[in-house]
Each structure stands twice: as C-alpha cells, then as structure tokens.
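Notes to accompany the following structure.
Every chain is numbered from 1 and lettered A, B, ... according to where its sequence line falls, protein lines coming before strand lines. Remember, it's a predicted structure, so these values are computed and weren't measured experimentally.
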Amino acid sequence: MDYKDTVHLPKTDFPMKADLPKREPEILKYWDEIDLYGLMRKRNAGKKKFVLHDGPPYANGEIHAGTALNKILKDFIVKSKQMSGYDSPYVPGWDCHGLPIEHKVVSELGEKAKSLSQVEIRRRCRAFALKYVDIHRRGFKRLGVTGDWQNPYLTLSPEYVATIIRCFAEMFEKGYVYKGLKPILWCPDCETALAEAEVEYANHVSPSIYVKFEVVGSIPGLEGQWNFVIWTTTPWTLPANLAIALHPDYEYCAVETPAGNYIMAGVLAPVALETCGIQQYKIIKKFLGKDLEGIRYRHLYDKSRECPIILGEHVTLDTGTGCVHTAPGHGQEDYVVGARYNIAPFSPVDGKGIFTSEAGKYSGLRVFQANDVIVQDLKECGALLHAEKLEHSYPHCWRCGGPLIFRATPQWFVNMDHKDLRQRLIKAVDTVQWLPDWGKERIGGMIAQRPDWCISRQRAWGVPIPVFYRKTDHEVVATKESFEKIAALAASAPDGIDRWFDAPLRDLLPDDLKDQAENLEKETDILDVWFDSGVSHRAVCERHPDLTWPADLYLEGSDQHRGWFQSSIIPAVAIKDAPPYRAVITHGYVVDGEGKKMSKKLGNVIEVPWLMEKYGADIVRLWVASENYRLDIRLSEEIMSRQQDTYRRIRNTFRYMVANLHDFTENDRIEYSELLDIDKWALHQLEILKERIKKGYDSYEFHVVYHAALNFCSVQMSAFYLDVLKDRLYTHAKASVGRRAAQTVLAEILAALVRLLAPMLPYTCEEVWRYLPACMKDVPSVHLTDFPEKKTEHCLAQPVLDTWENLLRIRAVVSKQLEEARRSEMIGSSLQAAVTLRPGDESVENTLNSFRNQLEDIFIVSKCEIQAISQQAAETEEKLLVSVTPAPGRKCIRCWHVRESVGTVQNHPSICHVCAEQLGVSAA
RNA sequence: GGGCCCGUAGCUCAGUUGGUAAGAGCGCACGCCUGAUAAGCGUGAGGUCGGUAGUUCGAUUCUACUCGGGCCCA
C-alpha cells in the first residue's frame, strides 16, 4: 500500500514565487474592472467620515521615492480607516500651474517661444501638465494606491480656477491684500522678472570698492569727524543707499588713521585697512554693533539727507568691513531689514536697467555702465578709499546669459498683520494636532517670523490676479461684480480663464463697468502657485460631495511646514477664521543607506520605475511600512533586499495556510471547546496580534504593524504553531476532529491576517483572497472587508498564559539538547529523538504535567518521558535537565515518528499504531 | 550662520518616570530536514547605545559641548 496517498499534504496553486512586477498589474486591472473604489464608497456610505485631503504633487517629471512614500502612507491610512468603520474617501489632486512647467515649455520651444502669444504658451503648458498628471496617475495606481483616480482635482480645472479667483476676491475685499514694492531678480535685456530657479550663476568681473560715509554730528565717546566704511561690488546701487547695517553682536572699532577716522568691524579692520593702503592706524575705542544703532550719516549724493545705522543679523564677517551698504530697492536682505525699520524700497532704475530721473545726475545711464562713472565721482569727492576689480559668482539670465540686477517692482502681498492675522494663525495652529508634536513649534515659529506673503508673479502660466487699473491714476478697480464676472468666465470652459489673456477688455468687465473699458487696463501678474494649492481646502474639501471641511488630516513631507501647510492655513484663517485641517502628519525625506540625501551628483538615487520592475509595489510598500517615517527614511539596495526577505516570509505563511485549507468547508469548523490547548494558545496569540496591528494603524505607526506581522509569521506561526501542526494536518484522518480543529484555527488566523495586512500589502492580500476557501469570503475583494473584531472569548486567562510561557522556555531547553544530539550525530530530525525531562522544582514539574500528553507533539519528538524532581536538575539555571536518546523502535514510513509499534500492525508492517488508528485499520 | 529634527547590533525597529550582565525580527555562520522545497526547523556569533565632559550612589535614558546627517531659512 502506498501510504503517501493517505497523507494530507498541503495543496495549492498559490504560487510561491510572487513575481509581483508581472502579477500586480493583473490585479490592478481587476480592481478597475470591479470599480473597487466605487464599491468602497458604497460599502461605507453613511458611516462616519474620515477625510485625508491629498496635497497636490506638482505635475512635472516622474514620480520619485519621496512622492511614492507619501502616497503609500496616505493609502495605508485611507485603507485602514476604511476597514475600521469609517467612510474614508480619497480624492487625489495635482498642482498644475507655475514656473517649472512654463520654464520647461518655453525652453523646449526655444526661439519660437518669443513669437507665441501668452495663450499659445498657456495651451502648451496645459497639455504638458495634463500629460504628467497621466504619467503620475498611472504610477500612483500601480503602487496600489486606491482613490478617485477618474475624478482627481486639478488646479487648472475651470471650477478650481474660479475658486482661486473667488478666494483672492474675498481676501481682497476683507483688506488682506495690498500692493507694495519688492526687489526681485530682473533681466535688463529681456526686460523681465526671473525666479530664483531661472538664474544661472557664472563668474562676472565687478568693481570692488571701499567707500566712506560721513557721520552726522558726533559719536558718543569720540572726538572729531568719523566715517563708516562700507564695501560693495555694485557701485550702481549706491544712489539707492538708504542705510548701513551692522550686526548687533559683533565688535566694531573706531580707528584713527592719517587719512581719516573710520568705523568698521574689529576682526576685519586690519585686512580692510591694508587693502585701502593704510599702514598706520590706531584703534581708540570699541563698540558692539547695537551700541551704534540710530547714528546717522550723510547721504553720498544728497548731502542734505541723513540716513540711519541699522542692525541686521544677516551681516557677516567673511569679507568687507562688517558695515553693509543697504539699498532696500536692490537686494532681498536689504529689503527685509529695511522693512523692519520702515524704510521703503527705493529703486531709481527702469525695466531696461537704465537710471530714471530719480537717480539725479546718473539719469539715462545703464546701470552696469554707471559703475565706472560712480566710482570716478566717489574718487573725486574723496569718499573712495579703494577700488579694484573682483571676479566672483554672479546671477545671470538663463535665456540671454546677461547679468541680472535686483530691482524693486510693484507686487501683491497678503498682509500678515491685517486684522491680527498673524496672531489668529498662531492660535489656530495651536488647535491643530501636529504629528510629530514638534511640528507645532516649527510652523508656529515660521508664522511668527515670516514676512508678508508675496503672491504675485510676472508670468503666463497661472491664474491671473483679477483686477483692473484706471489708466489715468493707476488706481485699482475691482468690485464684487468684476471678480464674479472673471470667476464665471474661468468656470465657463476648460480654457475659460485664457480669455483673460486674449479677449477684448470689454468682455472681461461686468456690465456696470463695460462703458469704462477705454479707461481701464488689466493686471498682467498671475498668482503664486502656492496660492493655488493653498485654497484646495475650499476648491476641493468644501465643494466635493464626498469630502468635508475641515479635513481630518493632511499628510506631507516636513518641508511643507513652510509650504502647503502655511499656504493653506493662511487663506483659511483669513476667510473662515479656522484651520483647514484637524491634524497634520509630516514625514521625513528619503535618503540613501548612509543617511545622505539622494542626488544625481552622489549617484545614490534609486528610481521608482526601477523599484517597481525589480521588486514590485507590495515590496516597496513593505519598505514604507518598515520605516519610522517621522525621521528620515533610508533606502538602499540592501534595505530593499531585506524587504524581499520579509515579503517571502509573509507570503509563504499565507501560502502554507491556504494550502492546508484546500479541503476545508463551513461544515468542518470545530467548536472552540473542542480545540486542543495549543490551538487555543494560537487563537490567543492572534488576539494579541489583532490588537497590536489595529493600534499600529490607529496611531499611524506602520512600522509597528510591520514588526508585529513579521514576528507573528516567523515566531508564533512558522517556528512553532505551524511546525507543530504538521503531524496533525498531514497524518490524522482527513475529517478527524484533530485535523479539522487545526484547520478551523488556521482559517481563523488566515481570515484575520489577510484583512489586517490588506492596507500594507494590498496586492498580495487580494491574491490570497482569491485562493481562500469559498466559505471564508462573501465579497469580491479583501478591500471590501473590515478588520477582524476582537474576540474576548478567545483570550486565555493569565495562569494559563503563565504555564505556556514556562512551557515555551522548556521547549527552548529541549531544542538546545536536540541540537547537541544532532551535532554528535545521534539524531538528524527531531522525530528520531526520545526526550527525558527531569524537573528541578515543582513549577517545572507542574508545567510538564499539565501538558503531559501533548509534549511529543509540542516538542516534535517521538517520545517524551517525565521523571521525578531531582536535585541535579534543581541546580541548573532552568531547573530542568533534558537528555536525548535515539527513540526506540523503527521509523513509521507514514508519519515518520520512530515507534516501537512499527511492525506490530497486522498487514501493515511499516506503519505505527497511531497511523493504523487514523487509517481505521485494526492495530491488533 | 540661524530655526527645527535625528544618530541603539550588517538592516529595520523596542527600550516604561535614569537602576541588576542593552532586547526583537530579519540577515549572517554552522547544522538538520527533504511531506511549506528557489521552502521549513535548530543552534550560534554580532552592540564601549556617534564622541567628549558634566549632574548623580548610578545614564543608552538628564545637561553642555562636539562629530555626522536631514528639512527650512539666510
């Protein structure tokens, strides 16, 4: 007789090899076919909402590890909420306007760009953005992220643009928006503003000059006439000089020289004086910068004018004199520090880089040509201490290559202090839950410090600032009706807002202003893209039927403390006086295996498409789950290879359970009371696992889920329970209570595990779902189920658990002895062994006795004998002595136990009495 | 240079209000099994808790400095 046929080995088509890159797309197709997201919505309709509002990624380039991480984290949350009794919709979005796209489009057009109208450029930008929306969408779906991909929100959509315009209008009407001057990078050749991203740094030869400014009156503690000495490489900005900045905490000294009396930073004085050719000098007094605040000096050109010494932390002691020539109209820092002293930017330069009449005698000169003239004048009037040439890195235009200038231009701002906005924001920040909690301090500090928000850009690809100007006096004309007219225009067609750029002015005006068309002109600036995404809570959360305002959660990289979290809360508090989110989670950045940032330069970038091709989405997701995302997240081939190992372990655990349930039906379930002790232990372990994992999801600590799952599969299941179960599953009679009990428990564990891991491993769990016995599923996808409920009736009492803990300790001792026996070649498989246990105290003895008839199974040995308490055993650390001998008898060819009964069964000489019973043959 | 954050075995993580010889899983090494088999089991070796100094009877846990790294500014 071939006993092989009487053994119930695991049986399944569930492939061991995952082959995720191939298999996942098929499953994704299935989800599309059944409209998984739609089914989720239906299933959860009416339940309590949980709204995670998606921060829109920029529709540009391929998705990288950081965006993948972000989307996967969001999906963990949405899916786990979904399975925890919430209705958790997910509406993804994209940020579609802005410079990077326009820049790319214009670059690709080359010379041709100049002959195209704004609308033609915009048309191309729109196509570009939509193309990348599509590429991203495919990528995100492939990662297993489930959401309303058919109807995402796009910041370029008509309704969205209309909302942007209405938000601007509301803020304008409430007085938060004003127009002011701000220096920006400007190309005098192209006559256009540039963003920092459009600047190329190249070497440039500039004048390098030291100039003295005469102090008005006297300095306390000093006799005679004194001068502050500044150093600059842009002499042409001197006509716009309005202050000299010192560092409050640095030391400045008063130096007497034959050429005059100078004040400069102490540590820089020797070099500066030497450069100016002054050998003899004497330091007669020292000050701190802050001691000199408020002293006044005479303007270089307008001698009747006096300017102040001011303080600024931006002053450095790298080069120069520590006294910084400050022209708020011509420099970013100068502007900021000037603003603090209420010094308005002054910039007597026009768009061509030519001095205006405000520049007095230099009027009409090009600024770079004016350098020499100005230096010459300084020399003649005695203000110049030294002049030379300096080659240094200087910003140049990316298009024409010419040197750039900073020039103050009219810009639109959000006034951070109007109606106490800043304080209201800080209060609002306080009501939000920030995870990790230091996020509150970080964003709070930023809001407290930040300057007014400049929301205008001199570009084509964006939402226009919807106002008009009266030609006569350049006053702003904007009314409720005019805003509404433009918003309606935007909403009227996919490219409705393009009419702003090409329609006759008359068509843009509301009826009551149409007759003034002749006297009006429109604003040409567009809005900062941060304003676009910043109002997403109004355009999306507030308007989308599935969503709510405020959102329950925002989740983005920690860089968004400065970005989207701020650009969102500012309009929200200004307009609605409440934050748009209840909680905010931030994650760190993806860095390489050494914790260094990924960059092409370092050659340590790992691309998402490569990850998908080599590993597949579920392994990438496992990586995301494994890492504590609040810190930086490391990614390397080694790390991915570890994830592959983890994945295999989990997959094989699933596979083994599925394979052992191949003949399991509803009728085969065994009552809890009939289960063996070890089965009950396993169910108790499952309860612990359920609680741990659900808690992990609830607290957004996915690495807890990951570790709990892996440990459970490896330690509780594979290394113990499943190993012990083999004998029962394989050799007990097919429908025996013992075997069905094992299957009942396996089914229970499998049903729970496949649900618990579904958010983390959506593809694999769906695959497992397909192979589940029919009695274990009643819906077409694991993602349409809830997490398993807690079953208190499966929890064991503490004394029972204590006994188990003792037994497992004993099992470890037995394992060690078995290994010893193996090394001495007494045994190979543990079933070849007989084990004799000598307890050293009552506790061990009691434990052993309480499992008396189960010990062979639990230790997976053929024979187990308990002896009386012995003194020798009492002296061991474990209070136990274990000795191993070869089990007596012969190996049963059916169950592989070594038993003395082998050979005693009539007609079945090669099997043991236990097998004989299972086969129903008399063991006579 | 400033603000915020991080640094525990090769990897990913635990380490309760400072207190006995710092834990887990994976990986690795060695062995077993061949009825989870490109699987499964067992045993074992890995850490001066980034470094230095301090507070303390005692610090991975507190403080200062320092080195390395990240985000945002400048």
Side-chain angles (χ1 to χ4, degrees), chain A residues 3-4 7-12 14 16-17 247 312-318 332-333 336 436 438-446 448-450 557-563 566 586-598 622-623 625-628 630-634 636-649 651-660 701 703-704 706-715 718-720 722-727 729-731 811-812 814-823 825 827-832 860 893-896:
Chain A
Y3 297 105
K4 195 105 180 167
V7 158
H8 319 293
L9 296 180
K11 196 169 112 191
T12 183
F14 188 93
M16 177 177 278
K17 190 171 184 316
H247 194 288
E313 310 273 344
H314 65 292
V315 175
T316 66
L317 296 178
D318 310 338
Q332 190 54 44
E333 289 173 327
V336 172
W438 48 259
K440 180 181 286 188
E441 193 187 340
R442 188 164 198 232
I443 192 169
M446 284 174 172
Q449 293 288 318
R450 69 163 297 156
S558 60
D559 55 332
Q560 300 303 333
H561 284 120
R562 173 149 299 268
Q566 261 191 70
T586 55
H587 60 253
Y589 264 60
V590 177
V591 294
D592 74 7
E594 263 73 59
K596 299 237 166 73
K597 81 155 82 180
M598 290 197 168
L622 218 41
W623 160 67
S626 76
E627 302 260 347
N628 180 355
R630 296 174 183 202
L631 315 178
D632 287 329
I633 302 101
R634 295 192 179 205
S636 66
E637 296 210 30
E638 185 189 356
I639 289 169
M640 286 311 293
S641 147
R642 284 298 82 77
Q643 302 317 326
Q644 222 166 6
D645 296 330
T646 301
Y647 178 81
R648 272 196 217 105
R649 171 40 56 106
R651 184 179 179 88
N652 274 320
T653 304
F654 273 132
R655 179 172 181 270
Y656 186 71
M657 293 188 193
V658 167
N660 279 296
E701 292 176 304
H703 61 278
V704 169
Y706 171 93
H707 283 280
L710 179 58
N711 266 298
F712 182 76
C713 289
S714 296
V715 183
S718 199
F720 183 48
L722 298 184
D723 210 24
V724 167
L725 236 44
K726 282 174 188 168
D727 184 57
L729 287 167
Y730 300 173
T731 71
R811 188 175 190 259
V814 171
S815 286
K816 247 174 228 159
Q817 288 309 307
L818 288 173
E819 184 64 17
E820 195 81 349
R822 210 169 274 135
R823 274 188 203 283
E825 295 182 12
I827 59 163
S829 152
S830 58
L831 280 179
Q832 290 172 260
I860 317 183
I893 67 158
R894 183 170 176 277
C895 71
W896 295 354

Re A14(B): Watson-Crick or G-U wobble partner, both distances kept under 3.5 Å, found to be none
Margin query: If we ignore hydrogens and angles and just use 3.5 Å, is the side chain of Asp632(A) paired with the main-chain N or O of Tyr589(A) as donor and acceptor?
Written below: yes
### Message
What I want to check is whether an N or O donor and acceptor connect the side chain of Arg634(A) with the base of C11(B) at under 3.5 Å.
### Response
no
So what does Lys726(A) touch, heavy atoms closer than 4.0 Å: a base, only the sugar-phosphate, or nothing?
-> base
_Does Lys597(A) contact G69(B) through a side-chain donor or acceptor facing the base, at a distance under 3.5 Å?_
no
Between CZ of Arg651(A) and C1' of A38(B) the distance, given in whole Å, is 13 Å
Please measure how far the P atom in C5(B) lies from the corresponding atom in G46(B), and state the result in whole Å.
37 Å
Across every strand shown, the nucleotide meeting Watson-Crick or G-U wobble geometry with C30(B) (both distances under 3.5 Å) is G42(B)
Kindly determine whether Leu722(A) and Thr653(A) satisfy side-chain contact (heavy atoms from CB on, under 4.5 Å), including the steps that lead there. CA-CA 9 Å; Leu722(A) 298 184; Thr653(A) 304; 4.3 Å; yes
Please classify the nucleic acid contact of Asn652(A) as base, sugar-phosphate, or nothing, using heavy-atom distances under 4.0 Å.
base
Between Glu627(A) and Trp623(A), does a side-chain contact (heavy atoms from CB on, under 4.5 Å) hold up when you go through it step by step? CA-CA 7 Å; Glu627(A) 302 260 347; Trp623(A) 160 67; 3.7 Å; yes
*For C73(B) and C65(B), measure between their C1' atoms and round to the nearest Å.*
25 Å
Practice prompt. Kindly state whether the pair Tyr730(A) / G35(B) counts as stacked, where counting means centroids closer than 5.5 Å and planes tilted less than 30° apart.
Written response: no
**Item:** Sugar-phosphate only, base, or nothing, as touched by Ser718(A) at under 4.0 Å among non-hydrogen atoms
**Value:** base
Quiz item: Ala659(A) near the nucleic acid: base, sugar-phosphate alone, or nothing, with a heavy-atom cut-off under 4.0 Å?
Solution: nothing
When both distances are under 3.5 Å in a Watson-Crick or G-U wobble arrangement, the nucleotide paired with C65(B) is G51(B)
_Base, sugar-phosphate or nothing for Trp896(A)? Non-hydrogen atoms, less than 4.0 Å._
base
Looking for any heavy atom pair under 4.0 Å, which part of the strands does Arg649(A) touch: base, sugar-phosphate only, or nothing? sugar-phosphate
Per the glycosidic torsion and the 90° limit around 0, nucleotide G7(B) is anti
key: P-based separation of U66(B) from C26(B) [nearest Å]   = 42 Å
